[in-house]
Amino acid sequence: MIPAAKPIIGRAERRAVDRVLRSGGLAQGPQVAAFEKEFSSHVDGRHSIALNSGTSALHMAFIAAGIKPGDEVIVPSFTFAATANSVALAGATPVFVDVEEDYFNIDASKIEAAITKKTRAIMPVHLYGHPANMVAVTDIATRHGLLVFEDAAQAHGAKIKGVPVGAWSLAASFSFYPTKNMTSGEGGMVTTPSDEISRMVKILRNQGMEIRYQNEVVGFNTRMTDIHAAIGRVQLKKLPGWTSQRQKNAAFLNAHLEGVVTPPTAPGMEHVFHQYTIKIVDTDRDAFAAELTKRGVGNGVYYPTPIHRLPSFGLSLDLPSTERVAQQVISLPVHPALKKRDLETIVKVVNSVARAGS
Ligand SMILES: Cc1ncc(COP(=O)(O)O)c(C=O)c1O
């Protein structure tokens, strides 16, 4: 079976963890500080604050920016639940807007209709590693006096007109979950140009304290450990090479797949292919996916249920593009551990299943 995703952990990661274990300093310390500094150089020098998960990064960023009960935050529904969970965890209300069907990101032309007196912010998701249309979102936010956040959990290293994601908003959040383009085991990072948000996220992750035992606000323990940061630092160095391998794998698949809709990249965007997601338009997607699995090609459906309809939100909304793509998408392996023969097998199997189904 060719796995759908594969974390790559090498000797350098193991040595880095061993050094931390031998040092005796396991909790947040010098490795976290170094990881933050190194991550900043990947987001145009913005502040970077490490957390224990991408969900915590989103959650702390919202609270630090003053998002509160009564506020509405505009998000897509075609994403992972953490996008909207974090809005709700900050006490605010997620307002779901439809996506466009080529790149699967929030449809900027539908945002203004969702703005109310309570709207405080817009948070696009750079889904699958393809940047959202931040130029259009920034323009809408500026005209309506709204804050902009980015859910960059899936898009380490992606760029818009040469500017990295994570550098387009008041606060962005990355995830280092094992299947992401780089991992720290579990972990997350907030990036922000704001000194005050940076300070508040640091305080919130540490029980509300900047000075020991002088808690300023009610906070959390959402700190990253030095063990995780040590892994993340090694992986960050490998990220550019892995990204270009993902892009080469995607180009190979784009050139050879037939009978399915391959993922396009919008002009001016750099797609980092966290997922390589095709659309199955004329045949049953679930049967197609089951056949791929049967023939040894790992795959995933991200995400089969739009999050507004999950029991946790339980909303009935009219989001036709979201509903359609949720029925059509299948993500194929694109990770940098794939060999040429794996890519050839994926092409052979997908093309043959597509031919049989049409
Ligand atoms: C779009 C999106 N947002 C948020 C998250 C949350 O990240 P984490 O799993 O690190 O909490 C993830 C990843 O799992 C994600 O894919």
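Values below: all heavy atoms of this structure, side chains included; hydrogens, waters and symmetry mates excluded.
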Hey, could you give me the [atom1]/[atom2] distance between [X] and [Y], rounded to the nearest 0.5 Å?
X	Y	atom1	atom2	answer
N351	H256	CG	NE2	9.5 Å
S321	L319	OG	CG	8.5 Å
I67	H59	CD1	NE2	12.0 Å

Are the aromatic rings of [X] and [Y] close, with centres under 6.0 Å apart?
X	Y	result
F176	F39	yes
H228	F35	no
F104	H130	no

R143, CZ: over 12 other non-hydrogen atoms inside 6.0 angstrom: yes

Just wondering, are more than 12 heavy atoms of other shown residues or ligands nearer than 6.0 Å to NZ in K6? no

Quick one: do the [X] and [Y] side chains pair a donor with an acceptor below 3.5 Å?
X	Y	value
N105	Y128	no
T277	S331	yes
T192	S198	no

Closest non-hydrogen atoms of E112 and I140, given as atom of the first, atom of the second and distance, are CG-CG2, 3.7 Å

Side chain of D98, backbone of T322: donor and acceptor closer than 3.5 Å? yes

By side chain to side chain donor-acceptor pair (under 3.5 Å), S244 pairs with (sequence neighbours left out) none

With salt bridge (charged side-chain N to carboxylate O under 4.0 Å, His left out) as the criterion, how do E196 and R199 come out once you've worked through the C-alpha distance, each side chain's angles and the decisive distance to 0.1 Å? CA-CA 5 Å; E196 184 49 21; R199 191 184 94 86; 3.7 Å; yes

I'd like to check the ring pair (Phe, Tyr, Trp, His ring centres under 6.0 Å) partners of H274; sequence neighbours left out, ordered by chain and number. none

Can you list everything that forms a salt bridge (charged side-chain N to carboxylate O under 4.0 Å, His left out) with E72? Sequence neighbours excluded, please. none

Honestly curious: do I2 and V350 fall in one hydrophobic cluster under the side-chain, below-4.5 Å linking rule? yes

ILVMFWY cluster, V217 and F220 together (side-chain gap under 4.5 Å): yes

Within the structure provided, determine whether L26 and D226 are in side-chain contact (heavy-atom separation under 4.5 Å). no

Taking the side chain as everything from C-beta on, heavy atoms only, tell me whether R285 gets closer than 4.5 Å to Q328. no

